[in-house]
Amino acid sequence: MDNREVAAVFDRIADLLEIQGEAVYRVNAYRRAAESIRSTSEEVAAMATAGRLQQIPGVGEAIASKIDELLSSGRMAFYDKLVAAVPEGLIGVLEIQDVGPKKAARFWKELGVTSVDDLEAAARAGKLRGLAGMGEKSETRILVSIEAYRRRSGRASIGVALPSAERLLVKLRGMPGVRQAELGGSLRRWRETIGDIDLVIASDDSALVVGGFAALPEVRRVRSQGETKVSVELEGGLQAQLWVHPVERFGTAWQYATGSQAHNVRLRERAQAMGLSLSEHGFRQPDGGELLIAQEQHAYNVLGLAWVPPELREDRGEMQAAEAGALPVLVTEADLRGELHAHSNWSDGGATILEMAEAASELGLTYLVISDHSQSLGVAGGLSVDRLRAQRQEIDQAQRRLGSRLRLLQGAEVEILADGRLDYPDAVLSELDLVTASLHSSLRQSRPQATARLLAAMRNPHVDMIGHPTGRMVEGREGADLDLEEVFRVALETRTMLEINAHPDRLDLNDVHARRASELGCLLAINTDAHRPSDLLLRRFGVGVARRAWLGPPQVANAWPLDDLLAWLSGGA
DNA sequence: GCCGTTTTCGGCCCGACTGTTTTCAGTCG
């Protein structure tokens, strides 16, 4: 079982305990442990073997022994008992907005509801309004929430949510009464999937802004609307919420709305320890006086901390680093000097080599590797050896046109075949400037098989980089089942770069794995895998992952000058 | 269930909004 699977079990335990009416602090302990396991970069299985599970924050004696039991036997008596006591379908009912554990338990115990379908039927039959504390309005509200739930498809990809949020921001910034409008939430933290769009507004007229936002044409339905906060469902199914605060309180408001929740809890605990109380409105002092914070940075400074970049605000050690003045200098889009993975119309790209190069140059890049697909990837127009050699001519021609503005290199995205062999012979690979090897097919091999396949590719002396190492798709197919610790170890040994593929559907390696790879000393690269000039703009999503992985420019190969990179690859310092 | 420059026991972030209530519980972020 990998970390994600173990974490999912503990999340489920938390849900079931909550429905059973268990004390909220015990439930939260399981939730915290689950989140912590999910963001642990080392595999829990390895930590269990080494007896180091309790090093994971939020994992104590009890949870550690449950993990041990789960990993060694594939079962957990405690969990089995819970599942026997509470219908698992109720976990789906918790997904309905405005239905939490208390209501779910009542629907189950008093009406026999064990699924979303049951709940809908009960609501339609008018059975909910008979329960204590529930009326006709609650019943209708739940029916509306069920409809929204069926429309929604879980979390949205950041690639969809961010552009949509940016369009909203433009509108908001043009609205009367708006002094400042910013993104908060998981979008500002560059998480790979987004539950909803969080917007924070500085304004002296909250009624005007709240009303104006709720009336926007892209708002399909208002879920709740108060004096300073409004929550809506947008056309297209995304949810958005907006907070309005006065300018002089905007610092703490933006901090609060950015989260993560776990990070905010740590911050507020720290405030408490200093005798302060922190909320979105500001700090409250022991004498009851308020300390207002207009600039977000000052909220951190009051607590004796350096400002924490939003991408790090996940309770993954950033508080300790901020306290020690040891926060990393994170890589930015402006640090990127080159692109190591781009396609042209020689394979499945939509633009000529020169067009791609011009676009890269306009973005300020100084080198570009054209890496079209290799021969066996027929669906993507993979290049035969002859075509690959012919392509070199066109690259040379384009280079002459470009002059010194941008250096073009010939690479290839070479298939790693199912048995670990590469799709071009070594003699051909040796002619290329930079070889990327990638998995596209046979992703369902066993872990030993898939791992061995990738290791074999890395051990080929001509291979410089592994493209989208796991092959996973965000919210889509699982990647290959790999022993990533072993992959990282061999990447380090063979000087093979590992890609952070910036396409928002891939984001592969992800933040947690990229952080681990970097901790172990691997060199990463942020690539767009561009198939047309506009795809080069996707690099910001890769930068988001890299920043979430705590990477600075030295850890990112394409933030290096080209000569340094080539020297490193050829075995130099 | 976890955890400790207040603690190995007794705490565990803080506030907005809704609906059903006459003062609050539930949910959410």
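Below, chains carry the letters A, B, ... as their sequence lines are ordered, and counting in each starts from 1. Only heavy atoms go into these numbers, but all of them, side chains included; no hydrogens, no water, no symmetry mates.
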Are [X] and [Y] within salt-bridge range, i.e. N to O under 4.0 Å?
X: R489(A); Y: E485(A); value: no
X: E311(A); Y: R548(A); value: no
X: E139(A); Y: K127(A); value: no
X: R150(A); Y: E147(A); value: no
X: E233(A); Y: R220(A); value: yes

Can you check the distance between [N] and [M], where both ends of the measurement are the [atom1] atom (answer in whole Å)?
N: dT7(B); M: dT21(B); atom1: C1'; result: 40 Å
N: dT8(B); M: dC2(B); atom1: C1'; result: 12 Å
N: dG29(B); M: dT23(B); atom1: C1'; result: 24 Å
N: dT20(B); M: dT27(B); atom1: C1'; result: 14 Å
N: dG1(B); M: dT6(B); atom1: P; result: 27 Å
N: dG10(B); M: dG15(B); atom1: P; result: 26 Å
N: dC14(B); M: dC9(B); atom1: C1'; result: 25 Å

In whole Å, what is the span from the [atom1] atom of [X] to the [atom2] atom of [N]?
X: D15(A); N: dG1(B); atom1: CG; atom2: P; result: 17 Å
X: L82(A); N: dG1(B); atom1: CG; atom2: C1'; result: 14 Å
X: I142(A); N: dT18(B); atom1: CD1; atom2: P; result: 16 Å
X: D315(A); N: dC13(B); atom1: CG; atom2: C1'; result: 13 Å
X: R249(A); N: dA16(B); atom1: CZ; atom2: P; result: 10 Å
X: Y79(A); N: dG1(B); atom1: OH; atom2: C1'; result: 19 Å
X: Q272(A); N: dC3(B); atom1: CD; atom2: P; result: 18 Å
X: E269(A); N: dT7(B); atom1: CD; atom2: P; result: 16 Å

Using a 4.0 Å heavy-atom cut-off, does [X] contact any base of the nucleic acid, only the sugar-phosphate backbone, or nothing at all?
X: S277(A); result: sugar-phosphate
X: L278(A); result: sugar-phosphate
X: Q239(A); result: nothing

Mate of dG4(B) where both pairing distances stay under 3.5 Å, Watson-Crick or G-U
dC9(B)
From C-beta outward on V265(A), which listed nucleotide comes closest to its side chain: dC13(B), dG1(B), dG19(B)?
dC13(B)
Hey, can you pull the residues of residues 29-49 of chain A with a non-hydrogen atom under 4.0 angstrom from DNA chain B?
A29(A), Y30(A)
Salt bridge (charged side-chain N to carboxylate O under 4.0 Å, His left out): which pairs involve residues 242-263 of chain A, sequence neighbours left out?
R249(A)-E290(A)
Residues in side chain to side chain donor-acceptor pair (under 3.5 Å) with [X], at least two apart?
X: H263(A); value: Y300(A), E318(A)
X: R284(A); value: none
X: R266(A); value: E269(A), D315(A)
X: R477(A); value: none

With sequence neighbours left out, what residues match K171(A) under side chain to side chain contact (heavy atoms under 4.5 Å, CB included)?
L216(A), P217(A), E218(A)
With sequence neighbours excluded, tell me which residues meet side chain to side chain contact (heavy atoms under 4.5 Å, CB included) with S65(A).
none
Under 3.5 Å, which protein N or O atoms sit close to an N or O of nucleotides 8-10 of chain B? Give each pair with its distance.
none

Respond yes when some side-chain nitrogen or oxygen of [X] is under 4.0 Å from OP1 or OP2 of [N], and no when none is.
X: S138(A); N: dT20(B); answer: yes
X: H263(A); N: dC13(B); answer: no
X: R141(A); N: dT18(B); answer: no

By nearest heavy atom, map S279(A) and Y25(A) onto DNA chain B; which one lands nearer the 5' end?
Y25(A)
Taking for each residue the nucleotide of DNA chain B with the nearest heavy atom, is it L276(A) or A62(A) whose nucleotide lies nearer the 5' end?
A62(A)
Solution key, residues 179-191 of chain A side-chain donor-acceptor pairs under 3.5 Å, sequence neighbours excluded:
residue : atom : partner : partner atom : Å
R179(A) : NH1  : D204(A) : OD2          : 3.1
Q180(A) : NE2  : E182(A) : OE2          : 3.0
E182(A) : OE1  : R173(A) : NH2          : 3.4
R188(A) : NH1  : T258(A) : OG1          : 2.7
R188(A) : NH1  : E296(A) : OE2          : 2.8
R188(A) : NH2  : E296(A) : OE1          : 2.9
R189(A) : NE   : E314(A) : OE2          : 2.8
R189(A) : NH1  : T258(A) : O            : 2.7

Kindly list each side-chain donor-acceptor pair under 3.5 angstrom involving residues 50-58 of chain A, sequence neighbours excluded, with atom names and distances?
residue : atom : partner : partner atom : Å
R52(A)  : NH1  : Q55(A)  : OE1          : 3.3
R52(A)  : NH2  : E42(A)  : OE2          : 2.7

Using a cut-off of 4.0 Å between protein heavy atoms and nucleotide atoms, how would you tag nucleotides 22-29 of chain B 5' to 3' with B, S and -?
----SSSB
